[in-house]
Amino acid sequence: MSWLLALPIAIPFLTAVATFLTRDMPVGRWLSIIGSAILLAASIVLMNTVLREGVIAGQMGGWAAPFGITLVADLLSAVMVLITAIVAVAVSIYALADVDEKMERLGYHALFNMLIAGVVGAFVTGDLFNLYVWFEVMLIASFGLLVLGGRPEQIDGGVKYVALNLVSTIMFLTGIGLLYGMTGTLNMADLASAVDTADQQLLTVVAVLFMIAFGVKAAVFPLFFWLPASYHTPAFSVSAVFAGLLTKVGVYALLRMFTLVFDHDTAFTHTILLWVAGFTMVVGVLGAAAQSDMRKILSFHIVSQIGYMILGLALLTPLAIVGAVFYLVHHIVVKANLFLIAGVAQRIAGGTELSRIGGLYKSAPFLAVLFVIPAFSLAGFPPLSGFWAKFLLVKATLEIEAWFIAFIALAVGLLTIYSMTKIWAQAFWEPHPDGVEPKLSKLSTRERNAFLIPIAGLAILTVIIGTMPEPFVQFAERSAAQLLDPTPYITAVLGEQP
Amino acid sequence: MSEIIAGSLIILGGVFALIGALGLVRMPDVLIRMHASTKIGTLSTGLILAGCAVVFGTPDIIIRVVAIVLFILLTAPIGAHMMGRSVVSTGVPLWKNEETEKDNLDEMLIKDHPATD
Amino acid sequence: MNSVILRAGTSYLAGLLLVFSVYMMLRGHNEPGGGFIGGLTGATGFVLYAIGCSVGEARKALRVLPQTIAIWGLFIALAAGLFAAVFGDALFTGQWLFIGETEDDKGLPLSSVLVFDIGVYLVVFGSVLTLVFAMEEEI
Amino acid sequence: MNTFGLNVMLAVAWVAFTGTVSLSSLIVGFVIGYAALWLIQPLIGASTYHRRVYAWLKLIVMFHYELIVSSLAVAADVLTPKHRARPAIIEMPLDVKSDAGILLVTNLISLTPGTLSLDVSEDRKTLLIHAMFADDHDALRKSLKDGMERWVIDAVEGA
Amino acid sequence: MDGFLELSLEIGFLCVVVSVGLAFIRMVKGPSLQDRVVALDFMTVAIVAFCGLAAVRYNTAAFLDVALVLALVGFLATVALARFAERNTFRNREETHNE
Amino acid sequence: MEVLFAITIGVLVAASVYLMLSNHLLRFIFGLVLISNAANLTIFVAGRLTDGAPPLIPVGADAPEIAANALPQALVLTAIVIGFGLFAFAIVLVFRAWTSLNSLTPDEMRLAEPEEAHK
Amino acid sequence: MADGAATDARGNGITGVIPILFAGALFVYFMSLVPTVASLEAIRWSVPWIPSLGIEFAFLVDGLSLTFCLLIAGIGTLVLLYSNTYLAGHPQYARFALFLTAFMVSMLGLVLADDLILLFVFWELTTLTSYMLIGFSHEAEKSRRNALQALFVTGAGGLAFLAGLILLAAASGTTSISGIIAQGDGLKAHAMYLPILILLLAGTFTKSAQVPFHFWLPNAMAAPTPVSAFLHSATMVKAGVYVMARMHPAMSGTDVWLWTLTILGAITAVFASLLSLRQTDLKQALAYTTLMALGTLTLFLGQESGYAMTAFATFLIVHSLYKAALFLIVGCIDKSTGTRETDQLGGLGRLMPITAIAAALAATSMAGFPPFLGFIGKELKYAGAIAVASEPIFVAGAVLLSNALMLAVAGVVAFRPFWRGQVGTGQSPKEAPWQMLAGPVILAILGALFGIYPDLLQVALVNPTVLSLTGEVEEAKELQLWAGVNIPLFLSIATFVLGLAIYAAHVKIRAMLDRGFNAIPNLDLKWDGFLDGLKALAAWQTRLVQTGKLSSYLFATFFTIAAGIILTLAYTGMPPLAADFSDVEWKHTSIAALICAGALLTLFTSSRIAAIAALGVVGIGIALIFIVFSAPDVAITQLLVETLIVVLVAVVMLRLPSLPKATFNLKHAVLSVAVGASITLMLIEVVATPLDLRLTEYFEVTSWPEAYGRNIVNVILVDFRALDTFGEIAVVVIAALSAYALLRTTRKGDQQ
Ligand code: NA
Ligand code: NA
């Protein structure tokens with residue numbers, strides 16, 4: 001078990017080492033793809049095992065929980081690892097055409113793989129401090145990737161990104177210190193029961209501190225500023241990974257901690273989350289409406305969509321958690337893909353600023369098709385993945401008669417449509433202002449393949465989730481059941497409790 | 001007996017530390033302050049560590065104390081030299097330095113290490 | 001930095017710090033020290049070298065790119081963890097070999113844990129130097 | 001000091017660190033010291049190494065004597081309300097040649113309260129000293145040259 | 001532990017702590033960059049002494065290891081700052097004096 | 001004792017927050033160093049303070065008789081090193097901000113989010 | 001005006017033919033189902049789709065759905081045939097045919113779906129495909145705008161619709177439509193009936209462009225004419241009507257249902273007829289008459305009587321036939337003359353005789369003259385109106401007025417261009433090719449055919465449809481040209497008189513209407529304002545929140561932290577502070593004071609060196625804490641790191657300018673103190689509780705015996721928690737690589 005859990009972390013690290021040592025050679029990029037593929041294989045095995053055997057845990061160093069560090073995978077963790085691997089494969093292929101040699105020599109592949117390692121680590125760890133460590137791995141790698149290339153706007157975005165994320169990191173660390181000081185343990189499964197004997201009032205306060213720390217990572221209102229300030233600046237491969245994965249780690253952490261550990265005063269904590277969700281959705285989507293750059297629009301939409309996931313957590317009904325889990329998976333696939341597409345648009349049409357480009361529908365119809373799928377999935381059109389995600393959440397809100405938040409969720413959906421059609425109308429339909437014909441044939445065959453294969457792959461995944469949602473819904477249901485009743489999780493980590 | 005010696009060494013070291021710090025506060029210019037702080041400070045640390053060695057009295061402690069003192073003796077003057085040099089080369093105003101042999105000073109300090117940009 | 005004194009001091013101190021850093025690393029399992037402290041101390045030696053002489057000379061002395069050292073360190077640390085697989089243990093399970101073990105003396109211990117600490121040492125050493133050298137050169 | 005001597009020094013340092021005086025410890029120290037020297041090789045110029053135990057002992061004793069005596073002088077100046085210091089920056093021609101010698105001379109001068117080595121000229125011929133009690137520059141210069149520098153040259157360069 | 005030793009340790013601690021406080025005053029007052037760095041340097045050395053005292057006070061040799069490391073690397077900060085002072089002056093003459 | 005250092009931590013945090021808010025990157029860095037220290041100290045203090053008993057096992061014993069809480073120490077050590085890594089990147093970023101944007105005032109940096117984007 | 005269509009002899013090849021064959025095959029298939037349905041049977045087919053949500057992939061063929069299917073597939077075939085010529089050689093014809101076919105299939109799916117969610121899937125697919133079709137001339141700003149408008153309005157309705165469907169499913173416990181209908185009247189009594197109804201109607205009214213959501217429909221005429229013919233005659237706009245009809249058995253019969261549908265339907269019918277008369281563009285005029293038809297259909301769906309239902313079923317077919325025909329004819333006119341303006345058209349009858357005849361047939365059906373189906377439809381409408389139990393006069397009046405207006409419009413659209421005097425257009429119009437004529441002619445002839453042989457319809461479609469609507473086939477009334485002298489006949493005659501009068505005076509009336517309508521707020525004009533408002537709101541909000549200034553971001557973040565903690569403390573009720581200073585030694589206090597002093601010096605100094613030195617002091621102070629409280633390893637690390645920090649800052653500062661004067665900012669100060677205080681408060685509370693030392697005790701007793709290390713901290717680092725350490729060194733490596741990359745990516749001199 002322990003190997004199954006450790007390999008998804010070890011593989012990207014080994015890949016990083018290999019790519020770094022070969023960074024002056026052209027094999028680095030292929031190593032990166034191979035490494036991601038192996039990671040994918042490992043995560044499929046992991047997923048398969050979790051599906052078959054339920055929650056699995058491995059004690060690192062062979063030290064029993066809660067003394068050593070436990071890696072643990074329930075369905076949520078497993079699917080997050082799997083989806084991370086999928087995105088990693090897609091982006092490392094995409095990088096063949098997107099990342100130039102200069103960036104490669106500066107260690108792009110190593111940073112990328114370490115970022116993936118950090119993300120995976122955060123998903124499979126069962127230890128709070130270890131979670132902090134993986135957050136940092138991820139964070140520092142993202143710092144590097146964000147500014148790689150060193151264009152002035154990258155630096156500007158980087159300053160904001162770094163500053164605000166550092167604040168969050170420190171708060172997280174402080175929170176860990178306080179929680180340890182209250183309970184004497186760091187193992188999350190152990191914490192679940194240890195908090196029961198702690199001072200409940202104080203626990204609520206610490207919970208809020210964690211909520212804020214993770215809230216920054218997840219980019220919720222009013223802590224999301226770093227995201228729209230920076231996500232449009234780095235290389236497209238980079239922003240695709242960021243858009244797909246990074247905020248989701250924050251959401252994952254919230255989901256985990258606020259179902260497993262901080263479930264003592266949900267009337268308070270989850271009500272806050274509900275408000276946060278509402279504001280996040282609205283502010284994000286309005287932010288997007290105010291933008292005129294493709295990547296900026298997409299960035300603000302990340303914020304908005306995070307609101308939906310938080311909404312699922314806030315409602316805390318089985319169906320709502322199902323929705324949140326489904327949303328999480330759907331959004332990673334779709335949002336990463338949209339950023340990848342933006343990269344192709346930039347390459348062939350000459351930019352991402354909507355008023356400066358156009359003609360993609362006429363000249364690059366295949367790209368248009370590939371755009372429509374994730375874009376309308378994001379907007380929640382059936383039968384694409386986003387529809388089911390939204391459907392589940394709206395159903396969950398309506399079931400508990402939370403009319404207002406349901407209205408918000410739906411209205412935000414409408415504004416999402418507005419934004420997606422804005423991109424569609426201005427970048428695809430509208431003729432190019434300079435009369436350029438942005439054809440895909442401008443790209444070399446190698447570039448075209450590297451760009452379009454991952455995009456098409458993710459688009460197909462979106463369609464598959466959308467048209468055959470049953471296994472995914474079932475999966476999300478099982479996953480939600482595990483989150484809402486963490487007994488198997490705790491048992492897997494700590495063994496049978498008296 | 002050894003504790004009396006150790007105690008005395010420690011008190012002496014403490015007093016020197018205090019004197020060094022006092023010098024740091026009240027001496028008139030930065031170079032003179034350095035005389036007080038760097039060296040009296042070193043001495044005081046040496047005394048206190050000597051006291052320490054006396055208390056423990058075991059070889060490994062003594063060796064360690066000797067090593068510490070040696071390290072300080074090796075590093076502190078280098079630091080002091082660097083600071084002193086920068087005082088002169090950057091032209092920090094000094095107290096009563098009219099007797100300084102200026103003939104060689106400018107060439108030596110400023111010309112020798114021009115700005116490295 | 002053209003200080004004759006500093007240069008002269010550096011030639012001794014750098015070596016001293018390097019030896020000292022290995023010492024700090026090796027004793028770390030039983031007394032204060034360990035990979036971090038060792039690595040930081042060792043790096044300090046070369047930082048001094050870079051300041052006292054020049055980055056170029058320090059790089060020449062190091063022979064290997066510091067970032068390569070760091071990456072190898074990471075690999076060694078990971079390998080030390082993965083090594084447990086050979087014995088079917090969980091990742092990062094310490095593997096010990098006591099050379100000349102007797103009833104009351106464990107002899108000379110060789111362990112994957114020590115290898116791990118060496119990895120830590122190299123990472124810290126290499127990383128700090130990567131950073132400092134690059135900064136010195138760029139600024 | 002030649003490379004071998006330096007290596008022995010490092011080996012001894014190693015023994016000091018480990019606190020276990022034994023042959024094996026010395027050998028380990030030697031090996032590690034060797035490795036370290038290999039790394040810093042470009043720094044170590046060729047120089048001959050002659051043991052001068054007597055000179056070293058003399059140097060150590062005299063240095064401590066100077067340290068204590070002049071520390072008291074500085075301390076007195078610190079503690080008395082009126083500053084008696086007559087500071088000045090003076091030059092001293094250097095006869096000592098080797099890196100080790102220069103380092104030792106300058107460090108010892110600096111460690112002696114009342115004098116502070118500011119810099120050595122690029123041609124290594126002149127030492128710039130800040131003196132606290134520089135009533136008579138030449139006397140001071142002479143005492144340093146005949147004292148500290150002489151002892152160091154005897155100990156290090158074996159002239 | 002002997003009463004005298006304990007007393008002398010307390011005195012030693014007091015002296016060291018007060019001297020660090022005095023050095024802090026110099027650090028605040030400056031006026032030159034070097035004054036501040038010298039104050040910091042002094043503190044570093046004082047901490048070595050503090051470690052020695054702590055080793056005796058708590059009967060733990062481990063604190064000497066702290067002193068050992070500090071004795072070796074403490075001056076690095078001083079060197080770096082001194083170099084900063086020099087180079088910075090050449091880069092920007094008017095600035096350093098205001099520091 | 002813990003309370004005393006809790007207050008100290010509060011002062012550190014307050015100072016660093018003020019520095020971070022000062023709209024100057026160098027001050028932000030200073031604040032970052034302070035607040036990292038404060039966070040480390042928080043873990044240390046939350047693990048409770050014991051004086052004069054480092055968590056070292058004397059030779060010949062199997063366990064220390066009395067020792068300070070070792071776990072927070074290990075955590076703090078880790079956090080210090082991580083904090084150093086973050087700091088190192090941050091300071092380089094500040095340097096780069098100065099060389100490529102010619103400013104240390106983040107509010108003046110309007111390349112990623114230019115003013116005209118808010119028409 | 002000709003939709004940018006380029007007639008090209010090369011045609012569209014296989015991409016043109018396949019869709020036609022496909023649609024034709026579908027039509028034939030649905031025709032084959034007529035006998036089954038005519039025998040009043042329904043066909044249901046289903047497979048599980050999302051069993052965990054109870055959603056099925058279920059289809060139902062009954063009278064209602066088959067009627068729609070035949071209209072959709074039949075008109076679809078003709079429209080595709082027409083389009084293949086109309087847009088021959090258009091570079092994007094393949095896309096056009098794809099979208100049109102996709103739309104057709106979606107529409108078929110919509111009317112066949114027997115699952116609420118499945119229905120919604122197709123519902124949204126029609127929205128999406130119609131968006132693509134309306135925006136087909138995508139290089140024109142107007143097309144894009146109108147496509148967005150249609151999408152936005154129907155999309156908004158669609159979301160309400162979705163909410164309604166979810167509630168409906170929840171209320172009835174199933175998503176199966178036939179299942180819901182089988183539950184009978186239960187739904188009407190359900191507490192959620194009203195919200196469900198409102199939400200569903202929001203969806204259908206927007207989709208069917210009922211007043212006041214009608215404004216998008218005429219704009220959607222930006223689409224090529226065949227699209228208009230298809231979407232806005234038989235299909236998309238009728239999707240809303242379809243859903244109301246489908247839910248009729250389960251939801252009708254309540255007062256809300258009755259009055260909402262009746263009143264809004266009537267208003268739409270009259271209002272749209274007036275609007276239609278006002279138009280000078282043929283397509284626009286037709287578009288508004290579509291609205292009128294939709295209003296009328298809605299109005300009938302409000303009722304329950306068999307007459308109303310029969311009228312609904314009949315008029316549904318009538319309208320689809322003549323409206324599609326007329327749209328296609330307008331396309332022919334447009335294509336051959338280059339204009340659709342009534343004032344510029346005339347005398348086409350001789351030049352385009354076949355077109356003219358088809359137009360005449362369709363128009364007379366539209367006008368409701370015998371012996372066309374339109375007449376029967378009209379008669380039934382009056383019968384249905386009179387059968388309205390509560391307010392027959394109101395309903396009949398509305399129907400009369402709208403019918404008269406319709407007659408006038410029929411004249412304007414289909415009579416004047418052909419039969420009034422020649423108006424020079426500069427072109428020489430000629431007959432369209434047969435592919436384009438086939439549609440109008442067939443549809444027009446069908447209108448006449450069904451008028452003469454109404455039984456065909458009665459048995460095949462009307463009766464089954466009424467069965468679907470009411471559950472009882474007996475409710476279906478007879479379709480007959482001559483029903484005897486009755487009130488509907490008088491009303492018909494009144495309609496003719498009034499209609500002809502209006503036609504005669506329509507130019508004057510048009511001017512009057514212009515004045516009148518200008519006084520009414522026009523939502524289409526408001527649309528741009530709405531979008532601008534939305535953008536302004538978005539921009540305002542974004543300016544407020546995403547200021548681009550790090551200082552405000554940081555302020556907000558710290559504010560959230562302070563407010564979060566303090567308010568939560570207030571909410572939970574803070575336990576009394578247990579400040580225990582008894583074991584504090586002077587050393588501790590001194591160290592604390594030193595740290596605080598260092599922190600404050602950093603804060604207040606404007607000297608960089610003082611700040612760095614002060615940081616050093618803080619670092620030293622913290623190292624002292626580690627020393628005093630037994631953490632030598634941590635102390636060493638702290639001191640080493642502190643030293644390196646100073647070194648790095650000293651290196652970097654060589655290139656940085658000096659600090660500006662520290663200024664005092666009260667707001668920041670208050671916030672800082674609040675954050676600091678909240679951390680302190682939490683920590684004080686935490687340390688007041690006992691700490692569980694299980695972990696530490698375990699480490700203490702296992703460190704040496706099991707992990708062979710005497711330095712417990714180090715053993716934790718390299719063994720117990722080695723994974724942490726591994727992650728941590730990874731951080732260090734990455735930090736170094738990142739910083740290295742950052743330093744190297746832009747060289748000096750890249751400065752701006
Ligand atoms: Na719990
Ligand atoms: Na455009």
Side-chain angles (χ1 to χ4, degrees), chain E residues 10 13-14 16-18 20-21 23-25 27-41 43-44 46-47 50-51 53-55 57-58 60-70 73-85 87-88 91-92 94-96 98-99, chain G residues 585-591 593-595 597-598 600-601 604-617 619-621 623-624 626-659 710-711 713:
Chain E
E10 280 298 295
F13 272 122
L14 187 67
V16 169
V17 168
V18 170
V20 168
F24 186 76
I25 293 174
M27 184 182 289
V28 174
K29 280 168 69 174
S32 74
L33 182 159
Q34 286 82 357
D35 280 299
R36 298 190 157 113
V37 179
V38 167
L40 185 65
D41 192 46
M43 285 186 193
T44 311
I47 301 310
F50 190 96
C51 291
L53 292 172
R57 168 76 174 72
Y58 302 119
T60 312
F63 294 122
L64 288 180
D65 294 321
V66 182
L68 202 58
V69 175
L70 196 56
V73 304
F75 84 113
L76 194 66
T78 313
V79 171
L81 288 170
R83 190 179 62 141
F84 165 76
R87 282 211 199 159
N88 199 48
R91 278 166 197 270
N92 192 354
E94 64 277 16
E95 200 208 338
T96 314
N98 303 332
E99 293 268 0
Chain G
E585 296 174 24
W586 66 267
K587 245 180 291 165
H588 306 156
T589 322
S590 312
I591 294 172
L594 183 69
I595 293 174
L600 293 177
L601 178 57
F604 290 116
T605 185
S606 297
S607 154
R608 290 180 292 173
I609 291 296
I612 294 171
L615 286 181
V617 170
I620 285 171
L624 286 176
F626 294 141
I627 292 169
V628 169
F629 296 105
S630 330
D633 285 276
V634 186
I636 295 174
T637 312
Q638 168 79 18
L639 288 166
L640 282 167
V641 164
E642 208 60 43
T643 305
L644 276 171
I645 287 178
V646 172
V647 170
L648 291 183
V649 174
V651 173
V652 167
M653 271 194 342
L654 282 173
R655 285 284 292 272
L656 301 183
S658 46
L659 286 174
R710 298 193 177 280
N711 180 353
V713 174

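Every chain is numbered from 1, with letters handed out A, B, ... down the list of sequences.
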Between G:Phe626 and E:Val66, is a side chain to side chain contact (heavy atoms under 4.5 Å, CB included) present by the stated rule, with each step listed? CA-CA 10 Å; G:Phe626 294 141; E:Val66 182; over 6 Å; no
Which residues share a ring-ring contact (aromatic ring centres under 6.0 Å, His included) with E:Phe50, sequence neighbours left out: E:Phe13
What distance separates G:Ile620 CD1 from E:Leu40 CG, expressed to the nearest 0.5 Å? 5.0 Å
Proximity breakdown for G:Val649 and chain E, heavy-atom pairs closer than 4.5 Å: neither
Quick one, E:Leu33 and G:Arg608 - any side-chain contact, counting heavy atoms below 4.5 Å? no
If I measure from the heavy atoms of chain G, does E:Val17 come under 4.5 Å with its side chain, its backbone, both, or neither? side chain
Spacing of G:Asp633 atom CG and E:Asp65 atom CG [to the nearest 0.5 Å]: 8.5 Å
Under a 4.5 Å heavy-atom cut-off, does chain G meet the side chain of E:Leu14, its backbone, both or neither? both
Atom of G:Ala613, atom of E:Arg36 and distance for their closest heavy-atom approach: CB-O, 4.3 Å
At a heavy-atom separation under 4.5 Å, does E:Ala62 approach chain G through its side chain, its backbone, both, or neither? both
Taking all heavy atoms of G:Thr643 and all of E:Ala77, pick out the closest pair and write down the distance. CG2-N, 3.9 Å
Structural part of G:Ile627 lying under 4.5 Å from a heavy atom of chain E: both
Greatest number of heavy atom pairs closer than 4.5 Å to chain E - which of G:Val646, G:Ile636, G:Val628: G:Ile636
Side-chain contact test, heavy atoms from C-beta onward, threshold under 4.5 Å: evaluate it for G:Leu594 versus E:Val20 and give yes or no. yes
Nearest heavy atoms of G:Ala650 and E:Leu81, plus distance in Å: CB-CD2, 3.8 Å
Answer with side chain, backbone, both or neither: which region of E:Leu76 has an atom nearer than 4.5 Å to a non-hydrogen atom of chain G? both
